[in-house]
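First up is the structure itself, then whatever we jot down about it.
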Amino acid sequence: MGQIDPHVYIQQVARRMADPAALQDRKEIETMLDEVEYLYDILDPEMQDGVEQLIAQLRARLEKAV
């Protein structure tokens with residue numbers, strides 16, 4: 001199994017967040033939020049602002065999830 005590129009993964013999450021029909025399942029959102037929060041800690045500081053916004057969006061979507 002190869003290593004995950006954090007930049008690519010963050011981009012994939014952002015693309016999924018752009019689709020309002022995507023990420024409706026609470027468990028899936030929780031998993032993705034955990035992964036993004038972990039990656040936040042290892043990213044370059046200049047990328048963290050954008051990731052903070054993504055984390056906030058995931059948390060908001062989690063509140064609405066079933």
Side-chain angles (χ1 to χ4, degrees):
M1 187 168 166
Q3 267 192 343
I4 295 173
D5 182 337
H7 301 100
V8 171
Y9 184 75
I10 296 295
Q11 289 174 343
Q12 291 171 343
V13 171
R15 273 191 228 111
R16 292 202 58 205
M17 289 295 296
D19 179 0
L23 293 176
Q24 299 298 316
D25 179 62
R26 183 172 193 79
K27 185 72 173 168
E28 183 181 15
I29 297 168
E30 288 173 344
T31 300
M32 195 167 286
L33 180 58
D34 288 343
E35 291 169 349
V36 171
E37 287 175 333
Y38 171 78
L39 291 174
Y40 174 85
D41 293 331
I42 63 172
L43 287 173
D44 295 327
E46 65 266 3
M47 288 197 65
Q48 289 179 336
D49 287 340
V51 176
E52 286 174 358
Q53 293 173 9
L54 188 58
I55 288 171
Q57 291 172 0
L58 282 165
R59 287 181 180 153
R61 186 144 323 167
L62 183 59
E63 289 178 14
K64 298 175 186 176
V66 184

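These figures come from a predicted structure and were not determined experimentally.
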Rounded to the nearest 0.5 Å, what's the gap from [atom1] on [X] to [atom2] on [Y]? Could you check?
| X | Y | atom1 | atom2 | result |
| --- | --- | --- | --- | --- |
| Asp25 | Lys27 | CG | NZ | 9.0 Å |
| His7 | Asp44 | NE2 | CG | 5.5 Å |
| Leu58 | Glu63 | CG | CD | 11.5 Å |
| Glu46 | Gln48 | CD | CD | 8.5 Å |
| Glu35 | Ile10 | CD | CD1 | 9.5 Å |

So if you build clusters from Ile, Leu, Val, Met, Phe, Trp, Tyr with side-chain heavy-atom gaps below 4.5 Å, do Ile42 and Met32 land together?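 In one cluster with Ile42: Met32, yes.
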
Same cluster (ILVMFWY, side-chain, under 4.5 Å), Val13 and Tyr38: yes

Heavy-atom pair of closest approach, residues [X] and [Y]:
| X | Y | result |
| --- | --- | --- |
| Leu23 | Ile29 | O-CD1, 3.1 Å |
| Pro6 | Leu39 | CB-CD2, 3.8 Å |
| Glu52 | Tyr40 | OE2-OH, 2.6 Å |
| Glu37 | Ile55 | CG-CD1, 3.9 Å |

With a 4.0 Å cut-off on N to O distance, would you call Glu30 and Arg26 a salt bridge?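 A salt bridge is present here (some side-chain N lies under 4.0 Å from a carboxylate O).
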
Do Glu28 and Arg61 sit within salt-bridge range, that is, some charged N less than 4.0 Å from a carboxylate O? no

Kindly indicate, with the supporting measurements, whether the criterion side-chain contact (heavy atoms from CB on, under 4.5 Å) is fulfilled by Gln12 and Arg16. CA-CA 6 Å; Gln12 291 171 343; Arg16 292 202 58 205; 5.7 Å; no

Val36 vs Tyr9, test: side-chain contact (heavy atoms from CB on, under 4.5 Å). Steps then yes/no. CA-CA 8 Å; Val36 171; Tyr9 184 75; 4.2 Å; yes

